Number of protein chains: 2
Amino acid sequence: MTEIMVVDDDHDLRESMAEVLGKAGFAVTQASRGEEALEHLAKNNFDLILLDLVMPGLGGLELLGRIRDKAPRMPVIMITAFASVENAVAAMRQGASDYITKPFRIDGLLAAVGRVLEEARFESCRTSLDLDTVLSCLSNPLRREILAQIEQKGALRFMDLCRKLELEDHTKMNFHLKILKEAGFLHQDENKLYLLTSLGTQVLGCVRFLMKKLAD
Amino acid sequence: MTEIMVVDDDHDLRESMAEVLGKAGFAVTQASRGEEALEHLAKNNFDLILLDLVMPGLGGLELLGRIRDKAPRMPVIMITAFASVENAVAAMRQGASDYITKPFRIDGLLAAVGRVLEEARFESCRTSLDLDTVLSCLSNPLRREILAQIEQKGALRFMDLCRKLELEDHTKMNFHLKILKEAGFLHQDENKLYLLTSLGTQVLGCVRFLMKKLAD
DNA sequence: GGGTTCTGTGAAGTTTTATTCACAGGGGAA
DNA sequence: TTCCCCTGTGAATAAAACTTCACAGAACCC
């Protein structure tokens, strides 16, 4: 069940939002203050947080920052009575997912909630598109060496590649070359020379980037 | 056998370098002009190129650029009679691996060659250090989803994670969590909450970076 | 206490990935 | 032509990754 937290110091508005969301099939947790919201956050795990911008004590923007420390990609919708460009920009810069102004219509609220949840779902599942092929292809050290070797030398013939990597069995090389070709990292020119595609070059760059990150 | 190309318009110097390198156990190809060097490059595959900076016709720097187009990471040592900071800097900016000045001692040349080849070997093999674990770990879409989910929610308990990812079998989750823990991407705190390590956060960042690259 | 959920282990089974083997056409050299 | 090396395919086998199953202690609720 999708869990939502509503953080607003206005008791009536909070209750009515909770009711609307509850009827729409969400599990709702309420918080009247920022500190309370942080406590809830530490215990429960929410799919979305609705946050009032202006509150006594811990303000909405600061609270948003604190939430980001804990959960960097938690979807958060900011709510405020004072529609201003500055506020909206500040909220979005802190990583708010959306921004709605009071007074709002019930269907407007539900639409925003639905949209943001949808985006979050999309975010987490699109990870398995091409990325899957690319990463499983790169997870093999021999294939990475093949790519690196071809990048270094520019273009290589089949047996040269085998010898440089000290592979006695050429069919093994063939197996991995086929995978690299299918992933779109390299291709053969008219002289049967193997060379990197632009995707291959880019991906190797990414691998180096990752290596640098791992180095420290 | 390690193959080296020597490109220099000075016949005597070229021959003597070739002799020294040949005696040291390298297979040496000679070129007296830039155009000739490019022809050799298209046919053979070298492990290292020694390049004279000042040559009639196609100059050393321009030739270096052409070589880089073909073979972006080919090790190249620049050689010149005119030692100047500007030349050295320009060569290194174009991606020369090293820079030596004429006249040079035989052992100095061999030392430079050895060092550069060693670096190239190191470059291509260090790829299989941690990177192997990291990439094979990331190659599984379920594990990526686990990381993304934890990053979004900040910290999660075991069963919450199972439910969010709609895994009926919790032992499956356990299997993948163990792998993620061993790779150092996440750890458990005293309350058994799973949360990302700094490495985990960084690596997720890299994955997003890669995804963006793939998007276009 | 008794039942239920949470968290975990280890082994057996399945699927995927990687390696090895047997074979074969094309092209160049002797 | 014969021989040999290059390039490749498909099937059989081995290894690794993943899933499922059986079980069990700890914590929590009634």
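On a predicted model such as this, the values are computed, not experimentally measured, just so you know. So you know, we letter chains A, B, ... as the sequences are listed, proteins then strands, and number each from 1.
- Salt-bridge check for A:Asp9 with A:Arg14: failed, with every basic side-chain N at 4.0 Å or more from each acidic carboxylate O.
- Across the protein-nucleic acid pair, A:Phe158 atom CZ and C:dG26 atom C1' stand 15 Å apart, rounded to whole Å.
- The closest side-chain donor-acceptor pair between B:Glu36 and B:Ser32 falls under 3.5 angstrom.
- Atom-to-atom, CG of B:Leu193 to C1' of C:dT7 comes out at 13 Å; the value is rounded to the nearest Å.
- Between B:Val76 and B:Val116, every side-chain heavy-atom pair lies at or beyond the 4.5 Å cut-off.
- Nearest heavy atoms, B:Val207 versus A:Leu131: CG1-CD2, 3.5 Å.
- Between C:dT19, C:dG8, C:dT7, one nucleotide has an atom nearer to the side chain of A:His176 than all others, and that is C:dT19.
- Here B:Gln188 does not reach the OP1 or OP2 of C:dC6: none of its side-chain N or O atoms lies under 4.0 Å away.
- Between the CG atom of B:Asp132 and the P atom of C:dT17 there is a distance of 16 Å, given to the nearest Å.
- Ring geometry for A:His40 against A:Phe46 counts as perpendicular: the plane angle is over 60°, on a 0 to 90° scale with 30° as the lower cut.
- Heavy atoms of other residues, nucleotides or ligands lying less than 6.0 angstrom from NZ of A:Lys23 number 12 at most.
- Between the P atom of D:dG8 and the CG atom of A:Leu180 lies a distance of 14 Å, rounded to the nearest Å.
- Remark: P of D:dT7 and CG of A:Asn191 are 11 Å apart, rounded to the nearest angstrom.
- In this entry the distance linking CZ of B:Arg157 with P of D:dA26 reads 19 Å, nearest Å.
- To the nearest angstrom, C1' of D:dC5 lies 14 Å from NZ of A:Lys192.
- Within residues 159-175 of chain B, the residues that have a heavy atom under 4.0 Å from DNA chain C are, in order of number, B:Met159, B:Arg163, B:His170, B:Thr171, B:Asn174.
- Note on B:Asn140: every side-chain N or O is 4.0 Å or more away from OP1 and OP2 of D:dA17.
- Within the 4.0 Å cut-off from OP1 or OP2 of D:dC6, not a single side-chain nitrogen or oxygen of A:Tyr194 is found.
- Minimum heavy-atom separation, A:Ala96 to A:Met78: CB-CG, 3.7 Å.
- If you take CG of A:Leu156 and C1' of D:dT7, they are 15 Å apart, rounded to a whole angstrom.
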